[in-house]
**Q** 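Pasting a structure below so you can have a look.
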Amino acid sequence: MKYVEEYRDAGQSRRFADAIRAIATRPWNIMEICGGQTHAIVRFGLDQMLPPQINLIHGPGCPVCVTPIEQIDKAVAIAARPGVIFCSFGDMLRVPGSRQDLLTVKSEGGDVRIVYSPMDAVALARKHPEREVVFFAIGFETTAPANAMAVAQARRLGLANFSVLVSQVLVPPAMRAILAAPANKVQGFLAAGHVCAIMGLEQYHAIARQYRVPIIVTGFEPLDILQGICMCVAQLEQGRADVENQYCRAVRPEGNRAAIRQVEEVFCVGPRKWRGIGEIPESGLLLRDEYASFCAEARFGLAGLVADEPADCLAGAVLQGHLKPRDCPCFGLRCTPDRPMGAPMVSAEGACAAYYRYRREELKQIS
Amino acid sequence: MCLGIPGKLVELYPQDGLPMGKVSFGGIIKDVCLAYTPDAQVGQFVLVHVGFAISQIDETEAEEIFTYLAAIGEADEAESGAPDQQA
């Protein structure tokens, strides 16, 4: 496929790795924010191509992974109700709630459907006016315009039977939380390319300045990631802390204005709880008052529900980069993709699942 | 989750008041909402996420990485060639 295969060339990847080796004189800790980047790094073994002093820390950029357990519990409670069609991206079905996951609700007769786009849920609401159709609106900035359009379109079409369970989070507040933590090791960031395709670069300049960290907006293919690392190491070695754009083919500095406008029409910024991390102020999106009638939590009387994370899952430490997945005593033993204890073992972009899929043989050899 | 797949826009059409398009991903055609890439034309590549085009691919910028790599290659050759020139 054009704009995919040419960015996976092994020979060109080695040239980037050599270039990084040539400029790196000291150890550096670089965090890739996005779970899609983590997946590519582990899948293509990009971390293993790098000189040993470059340490990649896997970030919290997997919306499935950071959705707090109480949102899963709310989803389970709604999906189990008679008359409800509960729509979700596929990854969410196996994320464990306090007692159950959505897949169990489905196996027990709940009408849980996997959709490709939030607009598919709108189409279902139109087709089944007698049923309540609820969409699990999770995601980062990349997904917010799609989720916003679904709500706006439902209103235009007068669909009173459509609502959304919102768990929308924002990347820059999470970066600030990571950098402000006393145990922080991150010295440079690869920012999430598709988040920036929507939001642009503006929000990142203040973070780079305040915390003195280089931030490279980076794509998702092996050559993109290696070039992003190369640009980041070059800045670190030169003592610079600027925002640079590796992913120019998809990211404009100003972002996508039409998408931002639609998001701002439907959502406003507010506090959000992150799984394993806790509440971060101004780190999420909430429905605006004008769209409050589409709030599933209010419609089903679940707004007050809270739940605690399981104590033995170390997802929070993994998501903040304090631990690698294999440092968790449950990894690959009590916690596997078939029986996940935490969300990072479920999602294809979760660091734990990526290590389990691509690095398990290697772990066996070590132990 | 924030996956964006590049595909070629092959047809434009409106639906329920929204601009839509058929996008080919290596021959597999999907219906995509174009509300956020209103200037995209048939034949151009867009980046698609959960049924929405979120960005148009800039074909000139897409080549930049290879120019950069070629420059690294030339610098390497110049470096490795230097001792011979001195001799």
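Chain letters run A, B, ... following the sequence lines, proteins first, then strands; residues in each count from 1.
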**Q** Side chain, backbone, both or neither: which part of A:Ala19 has an atom under 4.5 Å from a heavy atom of chain B?
**A**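 Side chain of A:Ala19 only, per the 4.5 Å heavy-atom cut-off to chain B.
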**Q** Under the 3.5 angstrom rule, does the side chain of B:Tyr36 hit a backbone N or O of A:Pro145 as a donor-acceptor pair?
**A**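 Looks like yes, one N/O pair under 3.5 Å.
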**Q** Taking the side chain as every heavy atom from C-beta outward, state whether B:Phe66 and A:Gln12 have any pair of such atoms under 4.5 Å apart.
**A**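 They are in side-chain contact.
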**Q** Counting only non-hydrogen atoms closer than 4.5 Å, does A:Asn256 touch chain B with its backbone (N, CA, C, O), its side chain (CB onward), both, or neither?
**A**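 It is the side chain, since no backbone atom gets that close.
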**Q** Select one option (side chain, backbone, both, neither) describing which atoms of A:Ser347 are under 4.5 Å from chain B's heavy atoms.
**A**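 Neither part.
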**Q** Would you check, one step at a time, whether the test side chain to side chain contact (heavy atoms under 4.5 Å, CB included) holds for A:Tyr116 with B:Val50?
**A** CA-CA 6 Å; A:Tyr116 161 68; B:Val50 299; 5.6 Å; no
**Q** For A:Glu6, is it the side chain, the backbone, both, or neither that has a heavy atom closer than 4.5 Å to a heavy atom of chain B?
**A**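 Both backbone and side chain.
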**Q** Over 60° means perpendicular and under 30° means parallel, so tell me whether A:Tyr3 and B:Phe45 are parallel, tilted or perpendicular.
**A**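 Because their plane-to-plane angle is over 60°, the rings of A:Tyr3 and B:Phe45 count as perpendicular.
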**Q** Is B:Asp58 reaching over with its side chain to a backbone N or O of A:Ala250, donor-acceptor style, under 3.5 angstrom?
**A**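 The answer is no, because no donor-acceptor pair under 3.5 Å joins these two groups.
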**Q** Using non-hydrogen atoms only, which part of B:Lys30 is less than 4.5 Å away from chain A: side chain, backbone, both, or neither?
**A**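 For B:Lys30, side-chain heavy atoms alone lie under 4.5 Å from chain A.
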**Q** Answer yes or no: are there more than 12 heavy-atom neighbours, outside A:Arg8 itself, under 6.0 Å from its atom CZ?
**A**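 Atom CZ in A:Arg8 is crowded, with more than 12 foreign heavy atoms closer than 6.0 Å.
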**Q** Cation over ring, A:Lys2 on B:Phe25, under 6.0 Å and within 45°?
**A**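 Ring-cation test returns no.
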**Q** Take B:Ile54 and A:Glu141 through the test side chain to side chain contact (heavy atoms under 4.5 Å, CB included) and record every step on the way to the result.
**A** CA-CA 11 Å; B:Ile54 57 167; A:Glu141 290 91 328; over 6 Å; no
**Q** A:Leu223 versus B:Leu69: any side-chain heavy-atom pair under 4.5 Å?
**A**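 Answer yes - side chains close enough.
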**Q** With rounding to the nearest 0.5 angstrom, report the SG to CD distance, A:Cys248 to B:Glu63.
**A**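 With rounding to 0.5 Å, SG (A:Cys248) is 13.0 Å from CD (B:Glu63).
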**Q** I'd like to know which of A:Ala192, A:Gly36, A:Cys230, A:Pro63 tops the heavy-atom pair count under 4.5 Å against chain B.
**A**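 Heavy-atom pair counts peak at A:Pro63.
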**Q** Which bit of A:Cys62 is near chain B, if near means a heavy-atom gap under 4.5 Å: side chain, backbone, both or neither?
**A**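 No part of it gets close to chain B.
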**Q** Shorter than 4.5 Å, heavy atoms on both sides: which option in B:Gly4, B:Ala35, B:Gly26 has the most such pairs with chain A?
**A**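 Counting heavy-atom pairs under 4.5 Å, the top option is B:Gly4.
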**Q** Measure distances from A:Asp120 to the heavy atoms of chain B and classify the residue's part below 4.5 Å as side chain, backbone, both or neither.
**A**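 It is neither, since no heavy atom gets under 4.5 Å.
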**Q** Measure the shortest side-chain to side-chain distance between A:His39 and B:Leu3 over non-hydrogen atoms and say whether it is less than 4.5 angstrom.
**A**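 No, every pair of side-chain atoms sits at 4.5 Å or beyond.
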**Q** I want to check something: taking the side chain as every heavy atom from C-beta on, are B:Leu18 and A:Arg156 in contact at a cut-off of under 4.5 Å?
**A**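 Sidechains of A:Arg156 and B:Leu18: in contact.
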**Q** Is there a side chain to side chain contact (heavy atoms under 4.5 Å, CB included) between A:Tyr247 and B:Glu61 once you walk through the steps?
**A** CA-CA 9 Å; A:Tyr247 199 34; B:Glu61 292 287 1; over 6 Å; no
**Q** Using side-chain heavy atoms (C-beta onward) and a distance below 4.5 Å, is B:Pro6 in contact with A:Arg249?
**A**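 No, their side chains stay 4.5 Å or more apart.
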**Q** Side chain, backbone, both or neither: which part of B:Val48 has an atom under 4.5 Å from a heavy atom of chain A?
**A**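 Answer is side chain: those atoms of B:Val48 sit under 4.5 Å from chain A.
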**Q** Side chain, backbone, both or neither: which part of A:Arg252 has a non-hydrogen atom closer than 4.5 Å to chain B?
**A**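 For A:Arg252, the side chain is the part near chain B, not the backbone.
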**Q** Return the option, out of B:Leu47, B:Val46, B:Ile65, with the maximum number of heavy-atom pairs under 4.5 Å with chain A.
**A**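 Among the listed options, the one with the most contacts to chain A is B:Ile65.
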**Q** Rounded to the nearest 0.5 Å, what's the gap from SG on B:Cys33 to CE on A:Met149? Could you check?
**A**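 Answer rounded to 0.5 Å: 5.0 Å.
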**Q** What option among A:Thr142, A:Val115, A:Asn147, A:Ile138 has the most heavy-atom pairs under 4.5 Å with chain B?
**A**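 Of the candidates given, the most pairs with chain B belong to A:Thr142.
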